[in-house]
A.B. asks: 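Pasting in a structure now, in structure tokens, and then I'll have a few things to ask.
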Amino acid sequence: MGLILKADEANIKRAAMAINIGGLVAFPTETVYGLGANAYNKYAVASIFEAKGRPTFNPLISHIAEIDMMSKLAQPDERALFLARKFWPGPLTFVLPRKDNNSSLDLVCAGLSTITVRCPRHPVALELIRKSGVPIAAPSANRSQTLSPTTAAAVLLSMEGNVDMILDGGPCEVGVESTIIDLTTPSAVILRAGGVTKEELEEALGEKVLISDGNPNKPTSPGQLLKHYAPKKKFRINVVKPSDDEFFIGFGAEYPEAHLNLSFSGDLKEAAAHLFDYMRRADEEPDFDKIAMAPIPEYGLGLAINDRIKRAAR
Ligand code: TXA
Ligand code: MG
């Protein structure tokens with residue numbers, strides 16, 4: 001059996017089973033193909049980052065099949081509910097406040113207190129989400145630094161060896177990614193232009209919508225920086241011998257005294273899955289006012305982990 005499977009009912013069911021046991025499934029949406037995993041399974045989400053070969057952790061979009069699912073993950077305001085009723089299913093993604101700090105969603109949210117959700121219009125995507133019974137976290141199904149794929153063949157070229165299954169639903173109708181709109185601020189801000197236009201959004205909301213230049217590191221107006229998670233406490237990295245007043249997060253078997261260990265066996269995927277959860281737990285720990293973390297090797301997912309902890313330790 002090849003990796004590419006026609007998206008018929010039996011294969012969508014297989015794909016849903018793969019999602020439920022922590023696998024990675026590429027699937028069509030109306031915009032581009034997504035690389036999906038169970039959003040609640042942090043190990044599966046870690047494999048998305050591994051498969052993408054992204055040297056950093058970006059928050060991922062959680063794909064849902066019903067407007068009602070939005071309130072399980074996020075705290076949608078009237079604006080979000082209104083836009084969802086008008087544009088969903090469709091190429092519009094919301095950044096919203098997270099519902100609670102469910103730690104299984106920490107990696108999907110890259111440790112942030114926001115969550116990004118969208119209800120795609122493609123029948124195969126909707127059926128896959130419904131059959132899986134969970135929100136599906138998915139970035140575009142391409143290796144980092146390559147084009148977003150709009151056919152199953154393009155996914156195969158980019159992801160072969162890194163995906164359990166590719167559901168072929170034919171070429172994507174829209175071909176560009178969804179519009180991302182930040183609804184955590186009083187004025188809505190478009191973070192990425194896409195399938196739904198600024199004019200359509202302004203007309204629907206009856207007010208001005210701000211627009212960022214699409215580069216989260218070079219905002220055109222304040223408040224548009226892609227925020228990075230950082231603990232409130234003083235945080236040291238590459239620490240082999242922590243001091244007594246530091247809450248110590250280890251990595252590997254050589255730190256039996258660590259308060260938490262990202263992975264005793266030195267598995268980077270396991271470490272990625274725990275990273276944001278453990279940083280937050282360390283931050284909340286009342287008996288220590290400092291945090292230290294053991295060195296993380298600089299390869300594979302270690303690149304993304306080091307990128308994040310370097311930013312957090314500044
Ligand atoms: O059309 C699409 O949106 C496709 C299909 C598969 O749904 N998905 C997609 O995902 O393009 P991805 O991960 O390739 O792009 C999502 C972008 C990333 O650049 C990420 O940094 C940004 O959205 N993003 C996600 N959550 C964010 C947040 N809370 N704040 C700011 N930017 C966010
Ligand atoms: Mg992408």
Side-chain angles (χ1 to χ4, degrees), residues 24-37 39 45 48-49 51-65 73-75 80 87-98 105-122 124-126 128-129 135-152 154-155 158-159 163 166-167 169 172-185 188-196 210 212-217 219 223-229 276 304 307-308:
L24 291 190
V25 173
F27 63 99
T29 80
E30 79 281 25
T31 58
V32 300
Y33 274 73
L35 179 65
V45 173
I48 292 181
F49 288 104
K52 293 266 305 176
R54 246 187 206 171
T56 182
F57 294 119
N58 278 334
L60 300 177
I61 299 172
S62 292
H63 295 72
I64 60 180
L73 304 168
Q75 304 177 50
F87 293 101
W88 280 3
L92 181 63
T93 298
F94 304 136
V95 178
L96 294 168
R98 262 168 90 171
L105 292 170
D106 271 346
L107 189 56
V108 170
C109 300
L112 300 175
S113 54
T114 54
I115 187 152
T116 310
V117 287
R118 113 170 171 92
C119 177
R121 186 164 68 208
H122 200 292
V124 172
L126 290 170
L128 178 64
I129 300 163
I136 297 185
S140 49
N142 53 295
R143 294 276 296 178
S144 180
Q145 313 282 327
T146 65
L147 282 180
S148 294
T150 55
T151 63
V155 176
S158 197
M159 302 303 311
V163 62
I166 301 168
L167 278 178
C172 301
E173 168 204 339
V174 178
V176 294
E177 293 93 342
S178 62
T179 302
I180 302 181
I181 186 167
D182 185 348
L183 296 177
T184 62
T185 45
V189 182
I190 294 179
L191 300 180
R192 180 177 73 185
V196 172
L210 305 178
S212 104
D213 67 358
N215 179 347
N217 296 314
Q224 292 172 24
L225 261 175
L226 176 58
K227 292 181 198 70
H228 298 298
Y229 172 80
F276 292 106
D307 169 74
R308 270 301 177 258

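If you read the sequence from its start, that first residue is 1, and numbering goes on from there. Keep in mind the model is a prediction, meaning the values are calculated, not measured. Ligands are counted one by one from 1 in listed order, and the atoms in each one are counted from 1 as well.
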A.B. asks: If you count the atoms of ligand 1 from 1 in the order shown, which ones are under 4.0 Å from a heavy atom of Leu191?
C.D. replies: 31 (C), 32 (N)
A.B. asks: Please indicate whether any nitrogen or oxygen in Thr31 is less than 3.5 Å from any nitrogen or oxygen in ligand 1.
C.D. replies: yes
A.B. asks: What are the atoms of ligand 1, with element, lying closer than 4.0 Å to any heavy atom of Ser178?
C.D. replies: 1 (O), 2 (C), 3 (O)
A.B. asks: Under 2.8 Å from the Mg ion (ligand 2), can any N, O or S atom of Ser148 be found?
C.D. replies: no
A.B. asks: Which ligand 1 atoms does Arg54 reach within 4.0 Å, using its non-hydrogen atoms?
C.D. replies: 13 (O), 14 (O)
A.B. asks: Is Thr29 in polar range of ligand 1, meaning some N or O pair under 3.5 Å apart?
C.D. replies: no
A.B. asks: Side chains of Ser178 and Arg192: is there a donor and an acceptor less than 3.5 Å apart?
C.D. replies: yes
A.B. asks: Considering non-hydrogen atoms only, spot the tightest contact between Leu112 and Tyr229 and give its length.
C.D. replies: CD2-N, 3.7 Å
A.B. asks: About how many Å separate CD1 of Ile115 and SG of Cys109, when rounded to the nearest 0.5 Å?
C.D. replies: 4.0 Å
A.B. asks: With a 4.5 Å cut-off on side-chain heavy atoms, are Phe94 and Trp88 touching?
C.D. replies: yes
A.B. asks: At less than 4.0 angstrom from any non-hydrogen atom of His63, what atoms of ligand 1 do you find?
C.D. replies: 5 (C), 6 (C), 7 (O)
A.B. asks: Do you know the tightest heavy-atom contact between Ile48 and Ala137?
C.D. replies: CD1-O, 3.5 Å
A.B. asks: Using a 3.5 Å cut-off on N or O atoms only, is Glu177 in polar contact with ligand 1?
C.D. replies: no
A.B. asks: Side-chain donor-acceptor pair under 3.5 Å between Glu177 and Ser148, yes or no?
C.D. replies: yes
A.B. asks: Is it the case that the side chains of Thr31 and Arg118 hold a donor-acceptor pair, with the cut-off being a distance below 3.5 Å and no angle test?
C.D. replies: yes
A.B. asks: Should Thr93 be counted as touching ligand 1, given the test is an N or O pair under 3.5 Å?
C.D. replies: no
A.B. asks: State yes or no: are the ring centers of Phe57 and Phe49 separated by less than 6.0 Å?
C.D. replies: yes
A.B. asks: Among Leu35, Ile61, Leu92, which one puts a heavy atom closest to atom 8 (N) of ligand 1?
C.D. replies: Ile61
A.B. asks: Below 4.0 Å, non-hydrogen atoms only: which portion of Asp182 touches ligand 1? Side chain, backbone, both or neither.
C.D. replies: neither
A.B. asks: How many angstroms lie between atom OG1 of Thr150 and atom CG of Asn142, to the nearest 0.5 angstrom?
C.D. replies: 11.0 Å
A.B. asks: I need the contact type for Lys52 against ligand 1. Using non-hydrogen atoms and a strict under-4.0 Å cut-off, is it side chain, backbone, both or neither?
C.D. replies: neither
A.B. asks: Within ligand 1, which atoms have a heavy atom of Thr114 less than 4.0 Å away?
C.D. replies: 29 (N)
A.B. asks: Considering Val174, Val117, Ile180, which one's heavy-atom position lies nearest to atom 23 (O) of ligand 1?
C.D. replies: Ile180
A.B. asks: Would a 4.5 Å heavy-atom cut-off, applied to side chains only, mark Leu35 and Val163 as touching?
C.D. replies: yes
A.B. asks: Between Ile115 and ligand 1, which part of the residue brings a heavy atom under 4.0 Å of the ligand: side chain, backbone, both or neither?
C.D. replies: neither
